[in-house]
Amino acid sequence: MISYIGYFLILIALMNISLLIISKPLLAKITPSYDQIILSTSKLQFPIILLSFLCLVISFLHDDFSIKYISSNSNSALPYYYKISATWAGHEGSMLLWCLILSFWTFLASIYSKSLDSDFREKFLSIMGFLNLGFLAFLIFTSNPFERNISIPMDGKDLNPLLQDFGLIVHPPMLYMGYVGLSVVFSFALTCCIRNEFKPEWAQWLRPWAIISWCFLTLGIALGSWWAYYELGWGGWWFWDPVENASFMPWLITTALIHSLIICEQKNMFKNWTILLSIIAFSLSILGTFLVRSGILISVHSFANDPARGAFILLFLAIVVGGSLLIYISNSSKMDDKFNFKLFSKESFFLINNILLVTATFTILLGTIYPLILDLLGLEKISVGVPYYNSVFVPIMIPLLILAGYIPFLIFSKNKKSTGILKHIFITFLFVLIFAFISLIFLDNFNISVLIGIFIFLWIFINLFQYVYKKYCEGKSFKFIISNIGMVLAHMGLAVFVLGATIVENNKIEKELVMKIGEKIIIKDYSFTFSNIIKYSGANYKGIKAEFLVHENGQLINKLYPEKRLYFSSSMPMTEAGIGPGIGRDLYVTLGNIISENKWSVRIYYKPLIRLIWIGALIMILGGVLSIFLDRRKQLNYKEK
Amino acid sequence: MKKNKIILVLFIFINCVSFISADENKNTKLYHKLTNEIRCMVCQNQNIAESQAPLAIDLRNKVKQMIEEGKDEKYIKQYMTDRYSSFILYEPPFNFQNIILWLGPFLFFILVTYFLFRGNFNK
């Protein structure tokens with residue numbers, strides 16, 4: 001019964017949003033309060049889809065196996081929290097989540113767009129409505145989550161064991177919030193393009209939306225990486241998997257967008273470029289969906305494949321990307337967009353930042369789709385992985401990271417002569433380099449990439465500190481310094497991430513060995529004793545746990561329990577790593593196969609500073625959130641004056 | 001003069017660093033490098049160092065054995081591509097077919113730079 005209501009509700013949502021789209025030609029002539037209709041339909045969309053989503057959640061909790069989606073993604077023995085998260089574990093449910101989030105952003109956009117003029121608001125919300133319509137049609141016609149089984153099974157197949165985890169509960173919603181948040185940016189930019197103008201106050205309005213989407217993307221990517229680290233059992237945090245790439249590309253473009261919006265707002269330049277970036281950012285989100293959902297990728301993520309879905313998304317992608325680019329090309333020349341700046345200026349450096357970020361994105365795009373293109377053409381199949389990105393992507397990022405350290409400082413020293421700045425750069429450079437060399441003493445394995453990593457970390461940190469200190473000396477008010485804290489934190493987060501990533505990749509120790517119960521092995525300063533094997537059973541699986549005692553300087557510091565689980569629903573055993581976390585290092589043990597009685601193959605990893613990767617991401621997010629909050633306050637002050 | 005001295009010092013530093021890191025445990029390093037760059041052909045998208053599939057275990061042992069026999073990186077990679085095509089290596093070969101993949105980013109960089117900076121300074 002509830003499932004019928006749920007289905008009925010998404011049909012209503014489809015009609016509601018169609019009304020918004022068709023009302024323009026039909027109703028605008030009849031009723032003067034036409035914009036009120038647009039406003040109320042876009043606000044109504046969210047509660048309707050939310051109710052429909054709740055219907056699906058309730059059906060999951062009631063084990064309603066008459067619904068196909070539930071019978072293939074849930075099981076009566078599944079704990080209730082996984083039943084809830086199973087709502088978005090498969091393709092159909094995650095598309096419903098996508099539509100829900102899209103309607104949520106539409107709702108927010110209709111509330112916070114009061115300051116825009118009514119014509120602009122109308123066009124803006126109509127474009128949002130069009131996107132809603134496209135995804136809802138996709139949901140209803142190709143992936144209906146409420147589709148019924150012809151015969152009702154006794155029990156459901158289980159949720160994929162890999163996905164029975166806290167990481168899965170939070171990773172997709174956060175990532176989708178980011179992906180879909182970019183739809184606001186996209187619609188806004190397209191409206192500007194249609195109107196042939198992009199006022200500085202519009203850039204100011206748009207920037208918080210770009211930053212909040214960026215924060216969600218950062219969080220989603222970081223959670224995904226953390227989940228892969230502890231769940232997949234190989235201790236890696238990034239693999240350049242096509243699906244990871246699909247989320248990383250919009251992130252890079254949004255990063256570029258956040259920077260170019262500053263120039264838009266302050267100097268009234270880069271308007272066309274910013275609009276183009278906004279269009280590309282959202283297009284890459286849809287491209288990511290296409291790559292993941294169509295099943296043309298070989299990836300750990302491609303769990304739901306159907307050619308019809310692929311065709312639909314490809315068509316939608318063609319309409320959205322092709323349509324918006326056509327509008328852009330035909331209108332961009334009419335925009336009053338003057339580029340006028342010196343080579344050694346803020347604008348110029350922001351442009352270099354943008355070029356590097358866009359090139360980095362292009363590299364990833366090429367690496368992701370090139371094998372697919374070769375496959376389509378019937379040429380030799382290739383794999384593009386870590387070695388390719390290390391030799392192409394990393395060299396693009398190094399100058400970008402060096403810029404990240406200097407830019408904030410440069411911007412505000414515009415009154416100084418350029419020779420003074422050069423001298424300053426040179427002294428800081430030497431200072432940082434010497435420090436980087438000194439810090440190498442503390443590492444037992446170092447090479448040129450470690451040196452570069454440490455150098456970049458120190459470079460960004462020291463320059464940011466100098467920046468804050470200088471502002472303080474110049475007698476700027478405390479308020480001014482606080483209002484820049486978001487930017488400072490975001491860049492520091494980046495530095496922390498770079499440090500963690502370089503150190504863990506160059507100084508990790510990985511041992512793969514066969515151990516008997518009672519055997520001991522020493523890695524770095526830690527001794528690992530394989531003390532016991534315990535059999536036990538969980539709610540929907542049987543498991544084997546190994547116990548490892550970890551001693552440091554003769555003292556017991558950790559007991560690690562790597563596991564192997566056999567879920568009733570699947571024939572593949574799952575591994576759960578035993579992790580001893582720490583800021584300085586992680587100790588990571590996984591249990592392999594049994595070799596003979598009491599003998600097991602195990603892997604023991606020592607991962608220095610790996611936590612900094614996610615801590616860095618969290619600092620970046622904090623920076624983003626703070627800068628939205630403080631920007632808002634600045635805007636309010638501005639208005640009061 | 002001063003600058004030259006600094007560059008000389010830097011040069012020596014960098015050479016020392018690369019020299020020290022070169023000798024340490026070559027075989028283990030090569031093993032880790034290769035198992036991380038060889039794809040497990042039966043898995044979704046995993047290298048043989050990560051995968052627990054039987055094929056991956058076989059290939060790991062094969063790599064280990066060849067390293068112990070004193071074969072170099074190039075030989076082992078060639079051995080793998082001869083049997084499984086270049087799909088097995090995560091590093092695509094630099095050949096005519098993949099020229100866009102390898103040079104595309106640099107061309108793109110030059111093009112974007114040209115279009116964005118074109119004629120913006122002299123106005």
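Every chain is numbered from 1, with letters handed out A, B, ... down the list of sequences.
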Give the intermediate values and the outcome of side chain to side chain contact (heavy atoms under 4.5 Å, CB included) for residues B:Glu37 and A:Val386.
CA-CA 7 Å; B:Glu37 288 182 13; A:Val386 180; over 6 Å; no
Does any non-hydrogen side-chain atom of A:Val384 lie less than 4.5 Å from one of B:Leu101?
yes
A:Ile396 side chain near B:Phe109 side chain, heavy-atom distance below 4.5 Å:
no
Please report the closest heavy-atom contact between A:Arg603 and B:Ala49, naming both atoms and the distance.
NH1-O, 2.6 Å
Check whether the ring centres of A:Trp240 and B:Tyr90 lie less than 6.0 Å apart, and answer yes or no.
no
Please tell me if the side chains of B:Ile88 and A:Ser383 come closer than 4.5 Å, counting only heavy atoms from C-beta onward.
no
Close side-chain approach of B:Trp102 and A:Ser391, heavy atoms under 4.5 Å:
yes
Just by distance, with hydrogens left out, do B:Ser85 and A:Glu380 show a side-chain donor and acceptor under 3.5 Å apart?
no
For the OG1 atom of B:Thr28 and the NZ atom of A:Lys511, what is their distance to the nearest 0.5 Å?
7.0 Å
For residues B:Val112 and A:Trp273, report the shortest heavy-atom separation together with the two atoms involved.
CG1-CH2, 4.4 Å
Whatever's closer than 4.5 Å to a heavy atom in chain B on A:Glu510 counts as both
B:Phe108 vs A:Phe362 aromatic rings, parallel, tilted or perpendicular, using cut-offs 30° and 60°?
parallel
How far apart are the closest heavy atoms of B:Pro92 and A:Ile382, and which atoms are they?
CB-CD1, 3.8 Å
Chain B contacts, top residue of A:Asn390, A:Leu379, A:Ile355 (heavy-atom pairs, under 4.5 Å)
A:Ile355
Using side-chain heavy atoms (C-beta onward) and a distance below 4.5 Å, is A:Thr359 in contact with B:Phe106?
no
Out of B:Thr113, B:Leu111, B:Asn98, which one racks up the most heavy-atom pairs below 4.5 Å with chain A?
B:Asn98
What part of A:Asn593 lies closer than 4.5 angstrom to a heavy atom of chain B: side chain, backbone, both or neither?
side chain
Engaged part of A:Leu365 at the chain B interface, taking heavy atoms whose separation is under 4.5 Å
neither
With a 4.5 angstrom heavy-atom cut-off, could you sort out which part of B:Ser51 is near chain A: side chain, backbone, both or neither?
backbone
Output for pair (B:Leu116 CG, A:Asn272 CG), nearest 0.5 Å, gives 11.0 Å
Would you give the length of the straight line joining atom CG of A:Leu377 to atom CD of B:Gln97, rounded to the nearest 0.5 angstrom?
9.0 Å
Spatial distance of atom CZ (A:Phe239) from atom CG (B:Asn36) [nearest 0.5 Å]
8.0 Å
Portion of A:Tyr370 that has a non-hydrogen atom of chain B nearer than 4.5 angstrom
side chain
Under 4.5 Å heavy-atom distance to chain A, tell me which part of B:Ile100 shows up: side chain, backbone, both or neither.
both
Identify which part of B:Tyr31 has an atom lying under 4.5 Å from any heavy atom of chain A, answering side chain, backbone, both or neither.
side chain
